[in-house]
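Index from 1, following the sequence.
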Amino acid sequence: MPRTLGMKCCTTPAPMPRHDLHCHSTHSDGLLAPAAVVARAKERGVDVLALTDHDELSGLPEARDAALAAGITLICGSELSVTWRGITIHILALGVDPENATLTDGLAGIRAGRSTRARRIADALASAGIHGAYEGAMRYVTSERLISRTHFARHLVAAGHAREMKDVFARYLTPGRPGHVAHDWATLSQAVGWIHAAGGQAVIAHPGRYRVNAGGMRRLLAEFRDTGGDAIEVLSPSHTPAQYVEFATHARVFGLRGSCGSDWHGPGESWMDLGELPDLPMGVVPVWKDW
Ligand code: AMP
Ligand code: MN
Ligand code: MN
Ligand code: MN
């Protein structure tokens with residue numbers, strides 16, 4: 001047997017780097033500061049981490065320093081709020097230049113709408129008999145630049161209006177419920193355009209969460225691809241194993257790459273921890289293929 005062949009079969013292949021490309025810090029609605037998120041990712045065996053705070057890039061310098069010290073790779077990211085045909089969808093930006101003015105201006109525009117929306121959420125809750133929710137939510141806000149439904153949810157749970165986070169969304173904060181208000185975020189083409197202007201890839205986050213039927217999902221994916229979108233988040237704690245297969249198939253059919261992310265928000269709040277996802281299904285081109 002040739003020597004090289006003999007060596008080859010005795011060499012253990014290097015393990016695939018573990019990617020977690022979706023998580024949050026105190027710069028949006030996560031519970032830990034960026035450096036603490038990075039430290040936990042390192043502990044949990046993540047090799048490549050994307051910090052993707054909602055509509056925000058301000059946590060990235062701290063995360064980058066922490067990643068350098070910990071010896072893991074940080075991907076600069078964000079999770080952009082978008083309105084598509086009247087529903088809210090989330091588009092992850094991966095590998096962006098955080099200094100890019102087109103992106104930073106776009107995100108500032110999205111964030112600007114959050115304060116008035118928060119007042120409207122509080123007014124809607126007050127009409128349903130829950131008073132003082134704005135002040136209550138503000139006690140949970142960790143960045144003066146960003147207030148989200150999560151902060152309302154934490155307050156409502158603490159105030160005894162629901163037992164846990166998922167109940168409070170189902171009872172008060174989702175479409176058709178007393179504390180939900182309609183809001184116009186960025187458009188799909190704006191979000192994809194800003195992400196590309198900043199040199200990044202655009203990924204549809206947790207597609208299994210959107211309230212669309214099969215035809216609506218195909219229209220969303222087709223429009224996303226035609227706008228220049230790059231990938232689908234195939235693996236997400238919002239998906240069942242059957243949906244892993246379903247979205248892997250969509251990725252192949254629509255010519256999109258696949259991504260994976262724990263969407264981790266903090267200890268005790270997210271049922272999947274950093275780095276906990278399985279490998280991408282066979283046949284899906286990873287979003288990181290050319291990194
Ligand atoms: P916002 O961007 O202000 O509309 O807030 C959206 C955030 O609320 C998401 O990023 C999640 O962190 C959180 N969220 C939405 N739905 C749920 C749910 N059913 N259970 C727990 N958290 C949720
Ligand atoms: Mn969130
Ligand atoms: Mn999301
Ligand atoms: Mn998220």
Side-chain angles (χ1 to χ4, degrees), residues 11-24 40-42 44-52 72-80 82 84 87 89-96 166 188 191-192 195-196 200-265 270-291:
T11 309
T12 316
M16 290 285 284
R18 186 179 289 266
H19 290 74
D20 189 332
L21 302 176
H22 185 164
C23 67
H24 299 274
R40 187 175 177 117
K42 169 74 181 179
R44 307 252 335 144
V46 175
D47 301 297
V48 182
L49 177 75
L51 179 65
T52 55
I72 70 173
T73 301
L74 182 86
I75 302 299
C76 291
S78 182
E79 181 174 16
L80 280 66
V82 161
W84 179 79
I87 63 167
I89 65 165
H90 287 169
I91 303 293
L92 295 164
L94 296 180
V96 290
K166 70 173 179 11
L188 186 59
V192 173
I195 293 166
H196 286 171
Q201 287 164 287
V203 183
I204 296 206
H206 44 63
R209 268 189 30 191
Y210 308 132
R211 293 187 187 184
V212 291
N213 60 21
M217 181 54 68
R218 283 196 296 275
R219 278 192 290 280
L220 170 60
L221 296 177
E223 197 174 317
F224 177 68
R225 178 204 50 207
D226 295 345
T227 314
D230 300 281
I232 298 178
E233 191 173 53
V234 172
L235 302 182
S236 160
S238 298
H239 293 171
T240 61
Q243 285 175 312
Y244 296 167
V245 177
E246 178 189 342
F247 288 109
T249 304
H250 280 317
R252 284 195 298 271
V253 169
F254 284 88
L256 293 161
R257 293 186 175 195
S259 188
C260 61
S262 64
D263 202 1
W264 193 72
H265 281 73
S270 303
W271 60 269
M272 190 174 269
D273 210 322
L274 288 163
E276 215 171 277
L277 292 158
D279 290 340
L280 274 178
M282 296 286 282
V284 175
V285 181
V287 67
W288 58 83
K289 179 165 180 271
D290 301 318
W291 291 0

Colleague: Whether the side chain of S270 engages the backbone of D273 through a donor-acceptor N/O pair (distance < 3.5 Å, no angle test) should be reported.
Modeller: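 Such a contact is absent between S270 side chain and D273 backbone.
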
Colleague: How far apart are the C-alpha atoms of H24 and H22, what are their side-chain angles, what is the distance that settles it, and do they pass the side chain to side chain contact (heavy atoms under 4.5 Å, CB included) test?
Modeller: CA-CA 7 Å; H24 299 274; H22 185 164; 3.3 Å; yes

Colleague: Working to the nearest 0.5 angstrom, can you tell me the gap between R219 CZ and N213 CG?
Modeller: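 Here the rounded value is 6.5 Å.
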
Colleague: Among L92, D263, L235, I89, exactly one meets side chain to side chain contact (heavy atoms under 4.5 Å, CB included) together with H206. Which residue is that?
Modeller: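 Going through L92, D263, L235, I89 one by one, the side chain to side chain contact (heavy atoms under 4.5 Å, CB included) with H206 is satisfied by D263 alone.
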
Colleague: Keeping the roles fixed (side chain from H90, backbone from V82), state whether a donor-acceptor pair exists under 3.5 Å.
Modeller: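 No, because the side chain of H90 does not come within donor-acceptor range (under 3.5 Å) of the backbone of V82.
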
Colleague: Does the side chain to side chain contact (heavy atoms under 4.5 Å, CB included) test come out yes or no for F224 and L256, once each step is laid out?
Modeller: CA-CA 10 Å; F224 177 68; L256 293 161; 4.1 Å; yes

Colleague: Measure up the H250 and F247 rings against each other and bin them: parallel (under 30°), tilted (30 to 60°), perpendicular (over 60°).
Modeller: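 The rings of H250 and F247 sit tilted, inter-plane angle from 30° to 60°.
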
Colleague: Distance-only, no hydrogens or angles: does the Q243 side chain make a donor-acceptor pair with backbone N or O of T240 under 3.5 Å?
Modeller: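 Looks like yes, one N/O pair under 3.5 Å.
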
Colleague: For residues A41 and L274, report the shortest heavy-atom separation together with the two atoms involved.
Modeller: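 Scanning both residues, the minimum pair turns out to be N-CD1, 3.7 Å.
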
Colleague: Would you check, one step at a time, whether the test side chain to side chain contact (heavy atoms under 4.5 Å, CB included) holds for I195 with Q201?
Modeller: CA-CA 6 Å; I195 293 166; Q201 287 164 287; 5.6 Å; no

Colleague: Which heavy atom in V192 sits nearest to a heavy atom in A202, and how many Å separate them?
Modeller: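 The pair with the smallest heavy-atom distance is CG2-CB, 4.2 Å.
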
Colleague: Yes or no on side chain to side chain contact (heavy atoms under 4.5 Å, CB included) for V48 and W288, after CA distance, side-chain angles and deciding distance?
Modeller: CA-CA 10 Å; V48 182; W288 58 83; over 6 Å; no

Colleague: For G258 and L280, which heavy atoms make the closest approach, and how far apart are they?
Modeller: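 Here G258 and L280 meet closest at O-CD1, 3.6 Å.
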
Colleague: How close do G275 and V46 get, counting heavy atoms only, and between which atoms?
Modeller: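 Taking G275 first and V46 second, the nearest heavy atoms are CA-CG2, 3.6 Å.
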
Colleague: Do S236 side-chain atoms and S238 backbone N/O form a donor-acceptor pair below 3.5 Å?
Modeller: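 Here the side-chain-to-backbone pair exists.
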
Colleague: With no hydrogens and no angle check, just 3.5 Å: does a side-chain donor-acceptor pair link H239 and E233?
Modeller: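 Their side chains do not contain a donor-acceptor pair, so the 3.5 Å distance test is not met.
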
Colleague: Provide the closest heavy-atom pair for W84 versus G216 in the form atom of the first, atom of the second, distance.
Modeller: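 Closest approach of W84 to G216, heavy atoms only: CH2-O, 3.6 Å.
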
Colleague: Atom CZ in R225, atom CG in D230: separation rounded to 0.5 Å?
Modeller: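 CG of D230 is found 13.0 Å from CZ of R225.
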
Colleague: Kindly compute the distance separating CE (M272) from SG (C23), expressed to the nearest 0.5 Å.
Modeller: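 Taking CE in M272 and SG in C23, the distance rounds to 14.0 Å.
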
Colleague: Between CG of L188 and CG of D226, what distance do you get to the nearest 0.5 Å?
Modeller: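 Interatomic distance, L188 CG to D226 CG, rounded to 0.5 Å: 10.0 Å.
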
Colleague: Classify the ring geometry of H19 against W291: parallel below 30°, tilted from 30° to 60°, perpendicular beyond 60°.
Modeller: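 Geometry flag for W291 against H19: tilted rings.
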
Colleague: Mark yes or no for whether D20, through its side chain, and L49, through its backbone, hold a donor-acceptor pair below 3.5 Å.
Modeller: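 No: the side chain of D20 does not pair with the backbone of L49.
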
Colleague: Which heavy atom of L21 sits nearest a heavy atom of S259, and at what distance?
Modeller: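 Distance-wise, the nearest heavy atoms are CD1-OG, 3.6 Å.
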
Colleague: Rounded to the nearest 0.5 Å, what separation is found between the CD1 atom of I232 and the CE atom of M217?
Modeller: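 Taking CD1 in I232 and CE in M217, the distance rounds to 8.5 Å.
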
Colleague: Could you please spell out the steps behind the salt bridge (Lys or Arg N to Asp or Glu O under 4.0 Å) verdict for D290 and R257?
Modeller: CA-CA 11 Å; D290 301 318; R257 293 186 175 195; 3.0 Å; yes

Colleague: Please report the interatomic distance CD(E276) to SG(C260), rounded to the nearest 0.5 Å.
Modeller: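 Result: 12.5 Å between the selected atoms.
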
